Amino acid sequence: MGIPGPVPGERTAQATDRGTHRHPADLARAEHTAGVLAERERLAREIHDTLAQGLSSIQLLLRAAERALPSRPGAASGHVDAARQVAVDNLAEARRFVAALTPPALEGTTLAGALERLCTTTSARHRLTARFHLVGDPVPLSTAQEVALLRVAQSALANTVRHARATTAEVTLSNLGDHVALHVVDDGRGFDPERTSAPDADSGGFGLAAMRARMDTLGGTLAVESAPGHGTALTARLPLTQPTETEPESRP
């Protein structure tokens, strides 16, 4: 009498079970890879929103100084001084970035104070009048939420300076009960949002992608309304939830 063979389908099921069961070492490698990719995305956003934008601002200011020479040496000197201050601020950002500390703009002040200062410095350094508005009573936000909204405002204004040819920009922080919203509206030349979906650091597409990624990480949303010749309105919204102990991206 022969040895009974396997029940039909049994070998296939066993092979499938072995195929779906992953060795702990494989799981550890997969988790490590996912962590590396997430960290690369975080670093890419921070570099774009701090160092790259600061260098771009310095370049614009030095170009303005070149145009002012030699007929307007006073104006050229002012542009160079502004570029020097941007370099100082950027160096401070880089040091905090390496040490994973709170951005200098948020040290010793509120998010509203940091946004108001951002508008003041942007207006002083570029041909753009940026104004800040606060709607509603201030509410406590987590560090991650403050950093995300500040970075979105920085990126939005940097895109306005570089691409919009706008004369004014209105930055509004609104506390709306169950959520907080940041609005950045300019009177520039506008663009087609559907044409900037692919990451492109030169055109500003990566900036929009980075802003959306920041909002997604914290359960928020980002909306952009624009059309050629009609300016741009950007709205970032974050729910007002209590921060958890494992709060994502709690530091830049």
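Treat the numbers as computed from the prediction; the structure is a model and nothing was measured.
Of the possible polar contacts, none joining the Ser155 side chain to the Arg151 backbone as a donor-acceptor pair under 3.5 Å is found. With Thr217 contributing its side chain and Ala213 its backbone, the two residues share a donor-acceptor pair below 3.5 Å. For Thr121 (side chain) and Leu118 (main-chain N/O), a donor-acceptor pair under 3.5 Å exists by modelled atom type. For the pair Asp187 (side chain) and Thr167 (backbone), a donor-acceptor distance under 3.5 Å is present.
Looking at every heavy atom in both residues, Leu222 comes nearest to Leu208 through CD2-O, 4.1 Å. Here the closest heavy-atom approach between residue Pro193 and residue Ser226 is recorded as CD-O, 3.6 Å. Between Gln145 and Pro239, the shortest heavy-atom distance links the atoms NE2-O, 3.0 Å.
For the pair Pro228/Arg189, no side-chain contact is recorded, criterion being any heavy-atom separation below 4.5 Å from C-beta on. Side-chain atoms of Thr168 and Asp186, non-hydrogen and from C-beta on, never get closer than 4.5 Å to each other. Contact of the Val180 side chain with the Leu111 side chain is not registered, since no non-hydrogen atoms from C-beta on lie closer than 4.5 Å. Between Val184 and Thr172, every side-chain heavy-atom pair lies at or beyond the 4.5 Å cut-off. Looking only at side-chain heavy atoms (C-beta outward), His126 and Ser57 come within less than 4.5 Å of each other. A 4.5 Å side-chain heavy-atom check between Gln85 and Asp81 finds every atom pair outside the cut-off. Residues Val147 and Leu106 have side chains in contact (heavy-atom distance under 4.5 Å, counting atoms from C-beta outward). Using a 4.5 Å heavy-atom threshold, the side chains of Leu61 and Val80 count as separate.
Grouping the Ile, Leu, Val, Met, Phe, Trp and Tyr side chains by contacts below 4.5 angstrom, directly or via other members, places Leu218 with Val224. Both Val139 and Val171 are assigned to one and the same hydrophobic cluster, defined by single-linkage of ILVMFWY side chains at heavy-atom distances under 4.5 Å.
Summarising the geometry, atom CG belonging to Leu182 is positioned 6.0 Å from atom CG belonging to Leu115; distances are rounded to the nearest 0.5 Å.
The existence of a salt bridge linking Arg125 and Asp89 is confirmed by a sub-4.0 Å separation between a basic side-chain nitrogen and an acidic carboxylate oxygen.
In terms of the salt bridge (charged side-chain N to carboxylate O under 4.0 Å, His left out) criterion, Arg237 has no residue partners (sequence neighbours excluded).
Listed by first and then second residue, the side chain to side chain donor-acceptor pair (under 3.5 Å) pairs that reach into residues 60-75 come to none, sequence neighbours excluded.
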